[in-house]
Amino acid sequence: MSHVETRPADTAETGRAVTLVDCDVHAQATEAMLAEYLSSQTRRLLERYGRRTPRVTEWYPRARNAGMRADAWPGKPGHIWGSDPELTRAQLLDEFDVDFAVLEVLSGQDCYDDARLAAEWNRAINQWQLERWLEFDPRFRASIAVPHEYPDLAVNEIERCAADPRFVAVLLPASAAEPLGARKYWPIYEAATAHNRPIALHTGGYVDHRGAGYPSYYLEYHVGNGIVMQSQLAGMVAGGMFEAIPGVRVVLTECGVAWAAALRWALDSAWRLMREDLPDLGRSPSEQIREHVWFTTQPIEEPADAQHLIHVIGQAQLEDRLLFATDYPHWDFDSPRQALPRAMAPELRRAILCENALALYGLPRER
Amino acid sequence: MSGSVSPAIDCDVHCAPESYDALFPYLSEYWREYVEEAGIRLSALPYAYPPGAPTTASAQAHAQTGNPTPANYESLRERVLEPGKLRYAVLNCLSGFGTHRNGYFAAAIASAINDWLREEFLARDERLRASLIVSTISSEDAVAEIERVGDDPRFVQVLLPVRSEKPWGNPSRHPIFAAARERSLQVALHAWGRAGQAPTPSGFTTTYLEDYVANEAIAQAQVLSLVSEGVFNRFPDLKVVLTECGFAWLPPLLWRFDKDWRGVWREVPWLKRLPSEYVTEHIRATTAPAHLPDDPAAIRQLLEMLDAGALLTYASDYPHDHGDGVSALLGQLDDPARQAVMAGNAAALYGLEL
């Protein structure tokens, strides 16, 4: 097992102040791009059998330009949306003066693989991120992709990548075989926390819609991403992981933010009534969420009255917990210039656009 | 409260037979023998309402002898109608939310419950109305039951569980809405449903806390389904009452729903208006549970985002107990809004005279 070489932390070469951190950028690897990092046995397995789970895009075709920005197609042989760091650099980093962009590579998060394939695939993703992105531009940061259904293997991969500070988070999907608060996944959270990395839980993963059953349309599914994360957060609170893993930090990614207030009220209300029988939950749910949970902004909700959004941010105590994200190159990309309402106070805007991310990821204030 | 308030309409009052014995008069010999042979007992929904859980019954209800859920007219009158000084009460009997999958049994039980409701309660007090119980396994059976008893004006709505195997907007379910509207019935989606299937999108809950709040997430998914599938386009007179599912979650959901629809409206071309407009017109919610912040200023902010006076219908949810949220909510409403919530909205929904 090769360890990622330690790189020296970026120093302030130019001395310009950081003003914008994008906390959810999708680099997408094709299977061909990952193949060079896979064993020949795994390459052959994939050639013969492929991945064994339908992709989310087969379940719910993205009824808007295949789910991507119309202008984000690289037009280079072998490349797809989000696979070309040159285009991402031009369209995102340079266009919007992004100081740091945190990559979330979702390729294959929605597939239920055997242990060998899962381990190799995620290792390949991380090597691809390192060689093709982190080495390409110093503004990129990466999330450690892990074989999350195999926590011991996931811990191995975290250990392998953690020495490189440019891997700033550990990435899991929002829908997994078990609820994400389940004890099964705690070793992953403990390892991430031991290496001072937050866990990014990104919308997506297996497609399963118990509770109300399978929706018919991408519209329902897409709005439903917020509902999925509500369920996951409720489970994380109730299952006690925030009490059991004191330093754990979770970034709820690409699920919206405005639902957090009402969920906190419901959980607190229920906890007050039931707390005698929840001995592992010493703190109220809202205290736990306040302490341990961050949210990326995209897709930011846009009520007709922008003040309402600002109210719910306050109600959920999210001022120092929101992390700006564009979700490049997806169709519902949030532009840094337009996504946050004008009514927002400058301090809050600045916190969301960079301060909160600098604090969470330990990024330098100047570069 | 200032000003005179007309007596309230309580839109979620629970009753349940003590046992299958109470339903035997309404079941065929085959089903009586089945119940006895299979050794089954009528479920009091212990997974939804654990007998000892604080939310299952208020201290006062627990203090009653026997089952806190009224099983006969006398106990209902004594515990709910008289103390509440109610003008009307809508009875929701959840005993049909079974775990079993036998469609014939589900249909038989639904019919038996409706007959029991009529004889035990509806015939004995003109203040009483009820939700019409149907099979949740078969849309055809549900339609048959609506056709059987739906002309009885004392049934005001069809009761469906909020938990389902397919979201309620799915076209396979539309015949239920058609049958309901043919008889001027609304539809209620009530918390809980079939036990034993995972209530979240990612698996089973292990604590009651999670399961309890899961009703709210599921209700949200049902709202998305009802609107997206064009239920309100096909049935423009239909109202759906989210019952015991909360409501404070609605504004953020609609912000996202509207925004996403603007992006992918081509996928659902039958929607001619913003999703939130359909919801405003066609969705209602009962007041209990009201999971609200402690801070009255935050409640006022919520009330700016949500037209409580239009959306909500009062419900005690007797005997269930969710804390003080409802009184905190009502205390923040002005008189017209409070009047609408306490009686006006339900009267309009169900065609009731005040």
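Hydrogens, waters and symmetry mates are skipped; everything else that's a heavy atom, side chains included, is used.
For A/D305, the CG atom sits in a packed shell: over 12 heavy atoms of surrounding residues, nucleotides or ligands are nearer than 6.0 Å. No more than 12 heavy atoms of other residues, nucleotides or ligands sit less than 6.0 Å from atom CZ of A/R342. The number of heavy atoms from other shown groups lying within 6.0 Å of CZ (A/R183) does not exceed 12. Around atom CD of B/E304, more than 12 heavy atoms belonging to other residues, nucleotides or ligands sit under 6.0 Å away. Within 6.0 Å of CD on A/E276 lie no more than 12 heavy atoms contributed by other residues, nucleotides or ligands. Within a 6.0 Å radius of NZ in B/K166, no more than 12 heavy atoms belonging to other residues, nucleotides or ligands are found.
B/H291 and A/A266 get closest at one heavy-atom pair: CB-CA, 3.5 Å. Taking both residues in full, the closest heavy atoms of B/P201 and A/S231 are given as CD-OG, 3.4 Å, listed atom of the first, atom of the second, then distance. Between B/F204 and A/P179 the shortest heavy-atom distance is O-CG, 3.4 Å.
Contact of B/E216 with chain A is made through the side chain alone, with heavy-atom distances under 4.5 Å. Both the backbone and the side chain of B/L302 have a heavy atom closer than 4.5 Å to some heavy atom of chain A. In this structure, chain A has a heavy atom under 4.5 Å from the backbone of B/V162, while its side chain stays farther away. Only the backbone of A/A177 comes within less than 4.5 Å of a heavy atom of chain B; no side-chain atom from C-beta onward does. Proximity to chain B (any heavy atom under 4.5 Å) is shown, for A/Q307, by neither the backbone nor the side chain. Only the side chain of B/N170 comes within contact range of chain A, with heavy atoms under 4.5 Å apart. For a residue to count as touching a neighbouring chain, one of its non-hydrogen atoms must lie under 4.5 Å from one of that chain's; by this rule B/A214 does not touch chain A. Proximity to chain A is limited to the side chain of B/K259, based on heavy atoms less than 4.5 angstrom apart. The contact between B/Y212 and chain A is made entirely by side chain atoms (from C-beta outward), counting heavy-atom distances below 4.5 Å.
Taking NE2 of A/H222 as the start and OG of B/S228 as the end, the distance is 13.0 Å to the nearest 0.5 Å. Taken from CD in A/Q232 to OG1 in B/T200, the straight-line distance is 6.5 Å, to the nearest 0.5 Å. Rounding to the nearest 0.5 angstrom, the gap separating the CE atom in A/M274 from the OG1 atom in B/T207 is 8.5 Å. Here B/M305 contributes atom CE and A/H311 contributes atom NE2; the two are 6.5 Å apart, rounded to the nearest 0.5 Å. To the nearest 0.5 angstrom, B/L209 atom CG is 10.5 Å from A/W271 atom CH2.
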Applying side chain to side chain donor-acceptor pair (under 3.5 Å), run through A/Q230 and B/Q220 and close with a yes or a no. CA-CA 11 Å; A/Q230 289 174 49; B/Q220 292 172 54; 2.9 Å; yes
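Between chain A and the options B/P161, B/A290, B/S225, B/P289, heavy-atom pairs under 4.5 Å are most frequent for B/S225. Among A/A174, A/G235, A/P215, the residue making the largest number of heavy-atom pairs under 4.5 Å with chain B is A/G235. Ranked by non-hydrogen atom pairs under 4.5 Å with chain A, the options B/D260, B/I218, B/T206, B/L254 are led by B/D260. Chain A forms more heavy-atom pairs under 4.5 Å with one residue of B/P275, B/A217, B/G263, B/G323 than with any other, namely B/G263. Chain B forms the most heavy-atom pairs under 4.5 Å with one residue out of A/G226, A/G256, A/A261, A/A176, and that residue is A/A176. Your options are A/A258, A/A212, A/S269, and the one with the most heavy-atom pairs under 4.5 Å with chain B is A/A212. Interface summary for chain B: among A/A182, A/G239, A/P299, the most heavy-atom pairs under 4.5 angstrom belong to A/P299. Interface summary for chain B: among A/G211, A/G224, A/P61, the most heavy-atom pairs under 4.5 angstrom belong to A/G211. Interface check for chain A: of the options B/G325, B/G169, B/P252, the most heavy-atom pairs under 4.5 Å are formed by B/P252. In terms of non-hydrogen atom pairs under 4.5 Å with chain A, the most contact-rich of B/A198, B/P251, B/A248 is B/A198.
Between A/Y217 and B/W270, the distance from one ring center to the other falls under 6.0 angstrom.
Side chains of A/S216 and B/E229 form a contact here, defined as non-hydrogen atoms less than 4.5 Å apart. For the pair A/E178 and B/S202, the minimum side-chain heavy-atom distance is 4.5 Å or more. Side-chain contact between A/V312 and B/W255 is present, with heavy atoms from C-beta onward closer than 4.5 Å.
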Can you list, pair by pair, the side-chain donor-acceptor contacts under 3.5 Å of residues 48-58 of chain B, counting residues two or more places apart and other chains?
| residue | atom | partner | partner atom | Å |
| --- | --- | --- | --- | --- |
| B/Y49 | OH | B/E244 | OE1 | 3.3 |
| B/Y49 | OH | B/E244 | OE2 | 2.7 |
| B/T56 | OG1 | B/P50 | O | 2.6 |
| B/S58 | OG | B/A61 | N | 3.1 |

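Each of B/L224, B/V264, B/V227 was scored for a side-chain contact (heavy atoms from CB on, under 4.5 Å) with A/L219, with one residue passing: B/V264.
Ion pairing between B/R256 and A/E301 fails under the 4.0 Å rule for side-chain N and carboxylate O. Remark: B/D294 engages A/R272 in a salt bridge, criterion side-chain N to carboxylate O under 4.0 Å.
With hydrogens and angles disregarded, no donor-acceptor distance shorter than 3.5 Å links the side chain of A/E220 to the backbone of B/A221.
Of all residues in residues 277-290 of chain A, those placing a non-hydrogen atom less than 4.5 angstrom from a non-hydrogen atom of chain B are A/L278, A/L281.
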